[in-house]
Amino acid sequence: MQKYKLYINGEWVESGETFTRVNPANPKEVTGEFQQGNEEDIDKAVEAAENAFERWSEVPPPKRGQVLLKVAQLLREDKEDLARLETIEMGKVIIEARGDVQEAIDIAEYMAGEGRRLFGFTTTSELRDKFCMTIRRPIGVVGLITPWNFPIAIPAWKIIPALICGNTTVFKPSSDTPLCAIRLVEILEKAGVPKGVVNLVTGPGSAAGMHLVRHKKVRAISFTGHRDTGELILKEAGLKRVGLELGGKNGIIIMDDADLELALDGVIWGGFGTTGQRCTAASRVIVHEKIKEKFEKLLVERINKLKLGSGLDPSVDIGPLVNKAAQEKSQKYVQIGLDEGAKLSCGGKIPKMEGFFFEPTLFTNCSIDMKIAQDEIFGPVVSLISVKDFEEAIKVMNSIKYGLSSSIYTNNIRNAFKAIEKIEAGITYINASTIGAEIHLPFGGIKDSGNGTREGGQTGIEEFSEIKTVYIDYSGKLQRAQIDVE
Ligand code: NDP
């Protein structure tokens, strides 16, 4: 079995304790032995990042962009290998794994160009002979903590904008996907990211991750993961800047005037893609009562055709869940749903297969207060709620604590625009599923899905840079704002 290391100050080093990880489609296959990084390793990584900061932040941003363009090129060359590795490490089907790597390529290309922008603005002054502008400055050492469900894309969404802005980084990936993180860092190293600029510490979130969060020399934390972990991080981070991208309980509204085939495609893709393990997964379907029966019947037919298996097999629709705990969680929620009185329309069991599989599951006759309609299950379990009209659909949509993604299928333009206005979510799709973020648009949620930050595109630049306001007075005399105005 191959043993992997931490990456600190440009060196691959050991920590001491190690842990192993298995292929969720075939738990007998161990994917590697990884370092269980500890607080001391985090201290070393932060020190390396701190020492590298001055030099990296002084590299002209277009030159930093050239390094990122090289990252994009290397990712492209390795796309198929990285995608296969991702499927083996966390289970998603290969076509989606390729999409995950493509997202990292896209962000690297976008941010490479950003090296020639990083715009501030100029404006007028209320005084004569005075010039006003803003510029962007790096923040310093930033700590990046990521989940396992997009093990290349989410780290790239953080590391790459952080680098173009001139920050140095300590990256703590999920313990479920350490190998994808290592491969990504190897590519950054090969592309010419100088030593100390990116440091990687694998290891438990509760120890290594929390130490990074509390570290006095870390100026910002960018976290994607579970709502409760995010809340804890916010409490522990002190005065540093914290960006949180958390969970969701995303809904699709299907009105009686919708194109049902299109809506079915959207529910299958949003509800069961990535085995339901996306923060933007469509885990609630809110259907107009006039079409409920027909839609339910068609949906069950479609679900029953979905093929489970190893994500490496291109004919497979649904891969395994990431680990045994996730499988048990889906099982637990099926029991909760039954106890709550929802109707199990299909699925609901652990199939007799090697690996952490779970049958794609549909509950119908759900009501908004049921736990299966409120909690993020993060598995292939979808709850269907029927409503009498558009107003009730919006009420149901907003009846949860989360506010990440949302969707409506309708051919009524008024309802489409009203939904854009009324749905409480960071993202709303019209006649498309809840998933499918593009890297140049803001990504993030409201309510318990985050703390107001957004990633992607220009908002990624905002997350990883400080704005400095600059006044240049060339009058040669003391001029007092608000006082010496004529
Ligand atoms: P977790 O919150 O369990 O873990 C996320 C990361 O945080 C991991 O690297 C984990 O390390 C680390 N961590 C855990 N505990 C702590 C702690 N006390 N201090 C610091 N770091 C810690 O989430 P999952 O990995 O299970 O990811 C699934 C969740 O992520 C879902 O809720 C999903 O909705 C959300 N998500 C949100 C997205 C968004 O953009 N809004 C996108 C994708 C996922 P370790 O693995 O070692 O425990």
Side-chain angles (χ1 to χ4, degrees), residues 17 19 21 34-39 42 89-90 92 100 103 143-158 170-181 200-215 218 221-237 242-250 273-283 321-323 325-326 329 375-379 400-405 425-427 434-435 437 439 441-456 459-460 463:
E17 301 282 301
F19 66 100
R21 167 85 190 131
F34 303 95
Q35 303 297 317
Q36 199 155 338
N38 54 32
E39 300 188 353
I42 290 287
E89 195 172 38
M90 59 68 68
K92 71 171 63 170
D100 189 65
E103 207 169 315
L144 312 172
I145 303 177
T146 57
W148 46 267
N149 61 342
F150 290 84
I152 303 277
I154 291 180
W157 274 62
K158 296 184 188 301
V170 178
F171 167 33
K172 205 310 279 174
S174 165
S175 300
D176 281 314
T177 48
L179 193 45
C180 283
L200 167 70
V201 180
T202 54
S206 52
M210 194 35 87
H211 192 58
L212 184 61
V213 167
R214 292 190 181 126
H215 206 293
V218 173
I221 291 288
S222 178
F223 169 80
T224 299
H226 195 272
R227 179 211 167 279
D228 297 349
T229 318
E231 190 174 34
L232 181 66
I233 285 175
L234 201 55
K235 278 198 196 117
E236 297 292 329
V242 179
L244 300 177
E245 300 295 339
L246 310 176
K249 186 73 182 176
N250 316 289
T274 328
T275 323
Q277 302 169 109
R278 289 192 185 216
C279 51
T280 51
S283 48
L321 289 159
V322 67
N323 55 33
K329 188 175 178 193
D375 295 359
E376 185 187 51
I377 301 172
F378 229 55
I400 45 156
K401 65 184 173 190
Y402 296 105
L404 185 52
S405 188
I427 305 164
T434 54
I435 62 185
I439 64 98
L441 280 98
F443 182 88
I446 63 171
K447 295 159 83 177
D448 278 15
S449 292
N451 65 337
T453 53
R454 294 286 185 275
E455 295 190 330
T459 43
E463 184 181 10

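Indexing begins at 1, ligand by ligand and atom by atom, following the structure's order.
- A donor-acceptor contact shorter than 3.5 Å links the side chain of Lys172 to the backbone of Gly203.
- A donor-acceptor contact shorter than 3.5 Å is absent between the side chain of Thr280 and the backbone of Ile435.
- Between Leu232 and Met210 the shortest side-chain heavy-atom distance falls below 4.5 Å.
- At a 4.0 Å heavy-atom cut-off, the residues surrounding ligand 1 are Ile145, Thr146, Pro147, Trp148, Asn149, Ile154, Lys172, Pro173, Ser174, Ser175, Gly203, Pro204, Gly205, Ser206, Gly209, Met210, Phe223, Thr224, Gly225, His226, Thr229, Leu232, Ile233, Glu245, Leu246, Gly247, Cys279, Glu376, Phe378, Leu404, Phe443, listed by chain and number.
- Taking the six-membered ring where the residue is Trp, the centroids of Phe150 and Trp157 are separated by 6.0 Å or more.
- In this structure, Lys249 does not pair ionically with Asp375, as no charged nitrogen and carboxylate oxygen lie closer than 4.0 Å.
- Within the 4.5 Å cutoff, no side-chain heavy atoms of Ser175 are placed close to those of Arg21.
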